[in-house]
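Taking it in order: structure first as structure tokens, then the write-up.
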Amino acid sequence: MRKTIYTVSILLFSMSGTNAQTMTYNHDASKQAQIEVMEVGAGSLTPELYYKVTHHNYWEGAKATTSVKNTLRLAANAASIPQVEYADSIQADLEGRAKIEAANIADRQIDLAWVSEGNKIENRLLGFKNNINALSGKTGSDEITAWRELGQMYDFAIKVTHNAYMPNSERQKQYMAIYDEIVKSNDNLLLRVRYLTTKNQADHLIQSMSRFQHRVSENATAGYNRWRDASRQGSTGNSLNNNN
């Protein structure tokens, strides 16, 4: 029973395939002629009597040897030739621009400027931070904190420039500007350290001189008192001798 059903199924499938092929190559001549006229603007329409009676102008236009559609198509084809060249030029420009943009993206994502400038900036900034420690004992904590916050500001500026989306040429300019600011601030810091050092030395010298002058004054006063006492004792002794 199963074998019979299988055989019948194969026969039905073969028949359907044959019918499909027959339908594929069995074209309607009248429809094919109408599609041809629609596509190229000229041809023979069937049934001829039907189109001649009901669509006479359309039938006459289809019989014409020169088609308006063909003329327009030829003109459009001729006009499209320079457009193809123009499109190729646009494509070439876009491809060139895409390559430039890809290079720009790579230039903005890799910080090559830091490779050449980073070591110099870090050394200068480290020297600036070490010089801040020289202020200890010479000035108040508020001033020392202000100088340290300035160093933190330079750290932040370096970090922002490193993570910024900019070309390396512009990034290098920013690094050089930061370096110049660090150098300027370090020079001002050294001047401040020298001033405070000199001021403290002068204050110690003045204090020492004041103590010395105080001791001199005390010694002078003591010497005067001794001289005065000695003078009094000498006057008293002379008076006693005269009485004797």
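As the structure is a prediction and not an experimental result, all values here were calculated from the model.
- Separating the CD atom in Gln172 from the OG1 atom in Thr161 is a distance of 12.5 Å, to the nearest 0.5 Å.
- The shortest non-hydrogen separation linking Val193 to Ala134 is CG1-CB, 4.1 Å.
- Here Ile182 contributes atom CD1 and Leu125 contributes atom CG; the two are 4.5 Å apart, rounded to the nearest 0.5 Å.
- Using a cutoff of 4.0 Å between basic side-chain nitrogens and carboxylate oxygens, Glu101 and Arg97 are scored as salt-bridged.
- Asn131 meets the side chain to side chain contact (heavy atoms under 4.5 Å, CB included) test with Asn186, Leu189, Leu190; sequence neighbours excluded.
- Using a 4.5 Å heavy-atom threshold, the side chains of Arg148 and Asn133 count as touching.
- Under the 4.5 Å side-chain criterion, counting only non-hydrogen atoms from C-beta, Lys138 is not in contact with Arg192.
- Not a single salt bridge (Lys or Arg N to Asp or Glu O under 4.0 Å) links Arg124 to another residue, sequence neighbours left out.
- Residues Tyr195 and Leu135 share a single hydrophobic cluster, defined by chaining ILVMFWY side chains whose heavy atoms lie under 4.5 Å apart.
- Side-chain heavy atoms closer than 4.5 Å link hydrophobic residues (I, L, V, M, F, W, Y) into clusters, and following such links, even through other members, never connects Ile121 to Leu126.
- The shortest distance between side-chain heavy atoms of Trp147 and Asn188 falls below 4.5 Å.
- Scanning for ring-ring contact (aromatic ring centres under 6.0 Å, His included) contacts around Tyr50 gives His55, with sequence neighbours left out.
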Side chain to side chain contact (heavy atoms under 4.5 Å, CB included) evaluation trace for Met153 with Phe156
CA-CA 5 Å; Met153 184 190 73; Phe156 181 74; 5.7 Å; no
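- Counting heavy atoms from C-beta outward, Trp114 and Ile158 have side chains that approach closer than 4.5 Å.
- A salt bridge links Lys129 to Asp155: one of the charged nitrogens lies within less than 4.0 Å of a carboxylate oxygen.
- Here the side chains of Phe128 and Val183 are not in contact, with every heavy-atom distance at 4.5 Å or above.
- Residue Ile132 holds its CD1 atom at 9.5 Å from OG of Ser185, rounded to the nearest 0.5 Å.
- Asn168 and Ala113 make their closest contact through OD1-N, 3.2 Å (heavy atoms, listed as atom of the first residue, atom of the second, distance).
- A donor and an acceptor atom, one from each side chain of Asp111 and Tyr175, are located under 3.5 Å apart.
- For the pair Glu170/Lys173, a side-chain contact is recorded, criterion being any heavy-atom separation below 4.5 Å from C-beta on.
- No salt bridge links Glu117 with Arg171; every basic N to acidic carboxylate O contact stays at or beyond 4.0 Å.
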